[in-house]
*Asks:* 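Here you go, one structure.
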Amino acid sequence: MAQVQLSGIAKTFGKVTALDAMDLTIDDGELVCLLGPSGSGKSTLLRIIGGFEMPSEGTIAIDGVDVTDLPPERRPTAMVFQSHALWSHMTVFGNIAFGLKLRHLPKAEIRERVEKVLDLVGLTGYGARLPSQLSGGQQQRVALARSLVVEPKILLLDEPFASLDQHLRERLREEVRDIQQRLGITAVFVTHGQDEALAISDRIVVLADGRMQQVGRPGEIYAEPKTAFVAGFIGAMNMLEGTLADGEITASGLKLPAEGSGPAKLAIRPEDIELAEPAEGRTVTVRRMIDFGAHVVIDGKLADGTHLRIQTDKAIRVSQGDQIGIRVESWTVFTEGDEPRRYRSDTVRSFRGARYA
Amino acid sequence: MTDIARLPPAGALSDLRTRVRRREPVDWTGIAFLTGLAIVILLPLIVTAVWAFAEVWRFPAIVPQRMGLGYWQETLTRNDVWQALWLSLSITTTVTVISAAICFPAAYAFARLDFPGRNVLFLAFLSVQAFPKFGLIVATATIFLTLHLVGTFWGVVLIQLVGTLLYMIWIPVSAFQGVDRRLEEAARDVGAGPMRVFWSITLPQALPTLAAALLITFVSTFYETDAAWLIGLPNVRTMPMVMISFINNALEVQYGAVLFVFLWVPSFVLMLAARRVMGADAFAKGLGG
């Protein structure tokens, strides 16, 4: 239904820079997640799109119309707040109908539209209840219905499920994704949970310190992080401080082939480490084994005491203090001010076969 | 790998359950507090209430020798009692309405806006209560004398307005501060302008607490004596003034007792109604809880 275009958006609070010159285009019908730790500026960016904060610089256009100076009530956006923000003095019906009453629609139409949207969020027949008589999940559904009923062009969701328990959160995000796709509505979803972002988005925008770190599809961000921050933030990652020299990187006693020189970060996914016979420079001492049922995670210690997380087969059994050998299948090296370099053991083997026989 | 802890047999479990069941402990501290409060608060009320219906009650009798409505008839047939009641009600209503008109917008400003001198002004409003009230009234009375306000309806209204500032600013400020900004933002979001948000969201959300402030103001103004005495008399005789003169001038305590019950019952009913309508939570919140 609508496209959002952010150009050069920046926001400062006093001397603190919350957002720094951001360009982003969100396409029609797309669900984009703004993902980042607290203080990364993700909520500020969402509030700027909704009109609750004025950007210090830059412009926002929705469907090509500049809305930068419009207050929230005149923007075609609707927000679902983390705290539900339901009006406790109104019934569920009153909450949802409020936006329609402001538009002076006939009573019959209001009733019909409220019932339709209650049906959509699975709360048929709950209209006469007060918000306080609903569970947390139901309250959040009402908040969603209240936003959807005014038929916004852009749906904004500010960590809507943060206060719900894990199971409910997973179920509701599936529902939100379903509804969003069924209505074909453009949505911006703020979260600090990477699994949530990976699960529902078309694209993820990773934010840190008010800057966009990377924009991409979920799989792309997981497999090809552009910065060390993204690598560490999305999914589990072993991030080791190392030194590049003589065609290899040395980190905590671990040596792997890599180009370049100087200090660098070595990033290895736990699932990219295979167990092997112990050998010089690739031995790990087991600290703990965690059995997740579907897979096993070994929390190990490298030569200098640095932790190394290894994800391996569910049949593997090791005990504390065991010495195990490892073989790293793929790794990424991040150097300051340079593009990350990715390596795989099978491609490396061709020119450094001796070490990885 | 893992040992599964052996469960005790079913019979043993039910044995455990019966052993665990205990009687509720008796809360002696709570009972002691309750008894103490009952003696301090309820006993004087009961004694005075009994006096209102006692026609003869001489020492050392525990209950009056003769009960009846004689004093009620004598008190309530007096013209000045009814005049005082209507006067008190109209003064109190006027004070409460004017106070709300001045204080609620001010409270909203204090709660929501950031303007230079905000804290100083807020303190100035509240500092009125820091002075000995009687001294303040005497000082005001000398000013009112030159303005010909002493002994007039509006003189009493003005002086009593000052006394309401504390409750009517302090409590509503916390009421407005207590309204979650997200609620207002959510209303803006679905299309409401700032004024509509205030009327439809902020005011209803703050209303229970505002009502508590109104109620306290109404009741405390109704029973106010110092200002009514110094500024109002002799022309403006409010209900408490009539009661005081009854108690001071009559040999029988029953006249005072009758008026006491007469005045206490409506305000007590009002309080109960307010609690019922607004809920104890909101009421406690209004009082700074």
Side-chain angles (χ1 to χ4, degrees), chain A residues 43 46-47 49-53 70-90 94-105 131-132 142-152 154-160 289 291 296 314-319, chain B residues 1-5 104 108 111-116 118 172 174-214 274-286 289:
Chain A
S43 279
L46 193 78
R47 288 172 62 78
I49 301 174
F52 300 109
E53 305 279 356
L70 293 185
E73 64 267 27
R74 293 181 54 204
R75 294 192 186 197
T77 57
M79 173 114 100
V80 178
F81 294 84
Q82 180 182 346
S83 56
H84 324 306
L86 294 180
W87 304 306
S88 53
H89 61 287
M90 297 183 192
N95 267 275
I96 300 173
F98 184 70
L100 300 175
K101 282 180 187 156
L102 292 171
R103 287 161 176 74
H104 302 294
L105 296 181
S132 56
V142 175
L144 181 64
R146 181 176 68 183
S147 297
L148 289 174
V149 80
V150 294
E151 294 178 353
I154 320 285
L155 183 65
L156 308 171
L157 302 112
D158 189 5
E159 305 203 29
M289 193 198 82
D291 189 350
V296 157
K314 63 182 173 189
I316 300 286
R317 286 290 177 269
V318 290
S319 350
Chain B
M1 290 295 292
T2 332
D3 271 342
I4 294 171
F104 286 178
Y108 184 80
R112 283 299 162 81
L113 308 178
D114 202 15
F115 50 90
R118 178 180 169 276
S174 73
F176 287 125
Q177 276 173 344
V179 177
D180 188 352
R181 296 299 279 267
R182 310 270 151 167
L183 296 182
E184 297 173 356
E185 287 181 349
R188 292 290 294 273
D189 202 41
V190 295
M195 280 311 285
R196 184 67 199 245
V197 170
F198 180 80
W199 282 111
S200 297
I201 309 296
T202 316
L203 202 58
Q205 285 284 328
L207 201 60
T209 316
L210 295 182
L214 282 174
R275 262 191 79 109
R276 170 69 51 90
V277 170
M278 296 185 287
D281 282 357
F283 210 71
K285 209 164 73 187

*Asks:* With salt bridge (Lys or Arg N to Asp or Glu O under 4.0 Å) as the rule and sequence neighbours excluded, what pairs involving residues 70-79 of chain A come up?
*Replies:*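 Salt bridge (Lys or Arg N to Asp or Glu O under 4.0 Å) check on residues 70-79 of chain A returns A:E73-B:R188.
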
*Asks:* Picking from A:A85, A:S83, A:G99, which has the most non-hydrogen pairs under 4.5 angstrom with chain B?
*Replies:* A:A85

*Asks:* Which of the residues A:R47, A:K101, A:M90 is involved in the greatest number of heavy-atom pairs with chain B at under 4.5 angstrom?
*Replies:* A:R47

*Asks:* Does some side-chain heavy atom of A:L46 sit less than 4.5 Å from a side-chain heavy atom of A:M79?
*Replies:* yes

*Asks:* Where does A:S88 contact chain B at under 4.5 Å (heavy atoms): side chain, backbone, both or neither?
*Replies:* both

*Asks:* Show me the donor-acceptor pairs, under 3.5 Å and distance only, between side chains in residues 192-203 of chain B and residues at least two apart or in other chains.
*Replies:*
from: B:R196; atom 1: NE; to: B:S200; atom 2: OG; distance (Å): 2.8
from: B:S200; atom 1: OG; to: B:R196; atom 2: O; distance (Å): 3.3
from: B:T202; atom 1: OG1; to: B:E184; atom 2: OE2; distance (Å): 2.9

*Asks:* Let me know if A:L86 has heavy atoms under 4.5 Å from chain B in its side chain, its backbone, both or neither.
*Replies:* backbone

*Asks:* A:D158 versus B:R182: any side-chain heavy-atom pair under 4.5 Å?
*Replies:*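 In short, these two side chains touch, coming nearer than 4.5 Å.
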
*Asks:* For a 4.5 angstrom cut-off between non-hydrogen side-chain atoms, does A:V142 reach A:P131?
*Replies:* no

*Asks:* Tell me, side chain or backbone of B:D180 under 4.5 Å from chain A's heavy atoms, or both, or neither?
*Replies:*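 Just its side chain gets close to chain A.
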
